[in-house]
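Reckoned from all heavy atoms, side chains included, excluding hydrogens, waters and symmetry mates.
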Amino acid sequence: MPGNPRMMRQGSDFVIYEDKVVEGDTVIVYVGYNNMHAIQVTRGKSLTMKYGTLRHDYIIGKAYGTRVSATAGFVYILRPTSALWTKTLPRRTQILYTSDVSLILTLLDVRPGHVICESGTGSGSLSHAIAMAVYPDGHLYTHDIEESRVKSVEKEFKDHGLENIITAVHVNACEDGFFVKNACDAVFLDLPEPWNAVGHAKRAISRQRGGRLVSFSPCIEQVQRVCEELEKHGFVQVQTVELVPRSLKIVESETLSLEQFNKTNAPGVVPASKNVDDEEGVKPKRRKLENDENESMDEPDPSPPAPITSSYPTVIPFPAQQPTHTGYLTSATLLPQPVSLPPTMT
């Protein structure tokens, strides 16, 4: 029955939590924020990474979250999650990252117990996130045109305890449609020509409940054709968004208040940062004041008072160069279709 946890062995996976590592568990070895490795713990094997070699035998029996010693430093062993798996999975295709995944789950309105169709599977980044969102009573049907990718993700789903939640299907969704009909609560498309799958997606969505459709496309021309096809098939609330994450950093910035600015730029004083006669090579001079009869115009200007500054926190983009575009997300709603009742018998 979909959603039942596997009971083939003792240990942890993506849906069963145990305190300590058991042989066969998938473990995330945390080396640094952007440096992690996913391993399936097997006696006799070792992981070679930045801090030397870590023997699998050494982490068996250790509690998750423990800091353990490698031959040249320390690492942490973490329980796998869909977000950590996205950072460490073997990439067979370009993947969807956590920022896009979280927005996709929101646009699909995924909930526990929902039935979701996905095409294509790719490396399985989004598949793991959807499976965890529909657990324990929902189900994901993920479709891919490449048979080798389907076999690879099937093994990963089994290793991660998700084989009862996910069904991987080898099919061309644009030509042959989806594995289920009139059953889904939402459909996700990540295809080169997603407009060819819109009609099949409509047939997969439950007519009684209605549902959501989300399509990911890197090019605006793809978006235009998808929107036209969605409207043709009766979808409503069609909209496209682009997620552009930006990292920020708080820094201290020295600024002058208006009062401080007036004090350091009083009449008759040339600010220290301004050299009015720099082009002619002449030193700046102080302007003669009306009540200063004994002052000579040739007298050098005394040093102006040092500016009084205040520090205020401000926010700047950091790092300065950041990625801007991953793709466009087009979402739409298919409303429930009215059920035709038999004619009233008289």
Side-chain angles (χ1 to χ4, degrees), residues 2 93-94 96 100-101 104-105 107-111 113-127 129-131 133-134 138-151 153-154 157 165-240 327-340:
T93 60
Q94 178 63 38
L96 290 169
D100 285 314
V101 168
I104 290 169
L105 293 179
L107 294 175
L108 288 173
D109 195 22
V110 179
R111 305 173 193 174
H114 272 192
V115 177
I116 311 294
C117 277
E118 175 194 19
S119 186
T121 309
S123 299
S125 171
L126 179 63
S127 305
I130 294 177
V134 302
H139 203 81
L140 169 66
Y141 296 91
T142 183
H143 308 69
D144 201 282
I145 194 174
E146 194 69 40
E147 186 176 7
S148 61
R149 288 201 291 260
V150 172
K151 291 182 178 179
V153 296
E154 278 184 325
F157 296 153
I165 307 172
I166 305 178
T167 299
V169 185
H170 173 220
V171 70
N172 185 344
C174 292
E175 295 182 1
D176 304 320
F178 293 90
F179 184 74
V180 295
K181 302 289 189 295
N182 188 26
C184 290
D185 296 286
V187 175
F188 175 74
L189 304 175
D190 184 4
L191 303 168
E193 298 178 352
W195 53 89
N196 290 329
V198 170
H200 297 302
K202 180 179 179 180
R203 286 186 285 274
I205 294 174
S206 170
R207 289 190 291 271
Q208 291 74 29
R209 301 189 302 273
R212 296 279 292 167
L213 183 146
V214 174
S215 175
F216 177 89
S217 298
C219 302
I220 196 65
E221 292 80 8
Q222 295 170 307
V223 172
Q224 292 171 336
R225 295 193 62 175
V226 168
C227 291
E228 293 172 357
E229 201 67 20
L230 288 169
E231 293 176 354
K232 186 187 302 182
H233 283 85
F235 285 83
V236 298
Q237 296 178 327
V238 180
Q239 63 175 355
T240 300
Y328 301 100
L329 289 170
T330 301
S331 62
T333 300
L334 184 66
L335 297 176
Q337 299 180 18
V339 179
S340 57

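- Taking both residues in full, the closest heavy atoms of Ser125 and Val101 are given as OG-CG2, 4.3 Å, listed atom of the first, atom of the second, then distance.
- One distance of note links CD of Gln239 with SG of Cys227; it measures 10.0 Å at 0.5 Å rounding.
- Atom CG of Leu108 sits about 9.0 Å away from atom CG of Leu329, to the nearest 0.5 Å.
- Of the inter-residue distances, the one linking Ser123 atom OG with Gln94 atom CD reads 8.5 Å to the nearest 0.5 angstrom.
- Taking CD1 of Ile116 as the reference point, atom OG of Ser127 lies at 11.5 Å (rounded to 0.5 Å).
- Pairing each heavy atom of Ile165 with each of Gly138, the nearest pair is CG2-O, 4.1 Å.
- Residues forming a salt bridge (charged side-chain N to carboxylate O under 4.0 Å, His left out) with Arg207 (at least two apart in sequence, or on another chain): none.
- The salt bridge (Lys or Arg N to Asp or Glu O under 4.0 Å) analysis of residues 229-240, with sequence neighbours excluded, yields the pairs Glu229-Lys232.
- Scanning both residues, Phe157 and Ala168, for their nearest heavy atoms gives CE1-CB, 4.4 Å.
- The CG atom of Leu96 lies 4.5 Å from the CD1 atom of Ile104; values are rounded to the nearest 0.5 Å.
- Annotation: side-chain hydrogen bond (donor to acceptor under 3.5 Å, both in side chains) contacts of Arg212 (sequence neighbours excluded): Ser331, Thr333.
- Legend: side-chain hydrogen bond (donor to acceptor under 3.5 Å, both in side chains) pairs involving residues 216-227, not counting sequence neighbours: none detected.
- The ring pair (Phe, Tyr, Trp, His ring centres under 6.0 Å) analysis of residues 169-199, with sequence neighbours excluded, yields the pairs Tyr141-Phe179, His143-Phe178.
- When all heavy atoms of Lys202 and Gln337 are compared, the pair lying nearest together is CE-NE2, 4.2 Å.
- The side-chain hydrogen bond (donor to acceptor under 3.5 Å, both in side chains) contacts involving residues 175-193 comprise Asp185-Arg209, Glu193-Asn196, where partners must be two or more places apart or lie in separate chains.
- Taking 4.5 Å as the limit, some side-chain heavy atom of Leu105 sits within range of a side-chain heavy atom of Ile130.
- Residues meeting the salt bridge (charged side-chain N to carboxylate O under 4.0 Å, His left out) test with Arg203, sequence neighbours left out: none.
- When the side-chain hydrogen bond (donor to acceptor under 3.5 Å, both in side chains) test is applied to Ser119, no partner is found at least two apart in sequence or on another chain.
- Residues satisfying the side-chain contact (heavy atoms from CB on, under 4.5 Å) criterion with Leu230, sequence neighbours excluded, are Val198, Leu213, Val226, Phe235, Val238, Thr330, Ala332.
- Of all heavy-atom pairs between Val180 and Cys117, the closest is CG2-SG, 3.6 Å.
- Applying the salt bridge (charged side-chain N to carboxylate O under 4.0 Å, His left out) criterion to Glu147, with sequence neighbours excluded, gives Lys151.
- Of the inter-residue distances, the one linking Thr240 atom OG1 with Ile220 atom CD1 reads 6.5 Å to the nearest 0.5 angstrom.
- Every residue two or more places apart in sequence or in another chain was checked for a salt bridge (charged side-chain N to carboxylate O under 4.0 Å, His left out) with Glu154, and none qualifies.
- Considering every non-hydrogen atom in both Val115 and Ala183, the closest pair reads CB-O, 3.8 Å.
- For Thr142, the side-chain hydrogen bond (donor to acceptor under 3.5 Å, both in side chains) partners two or more places apart in sequence, or in a different chain, are Glu118, Thr121.
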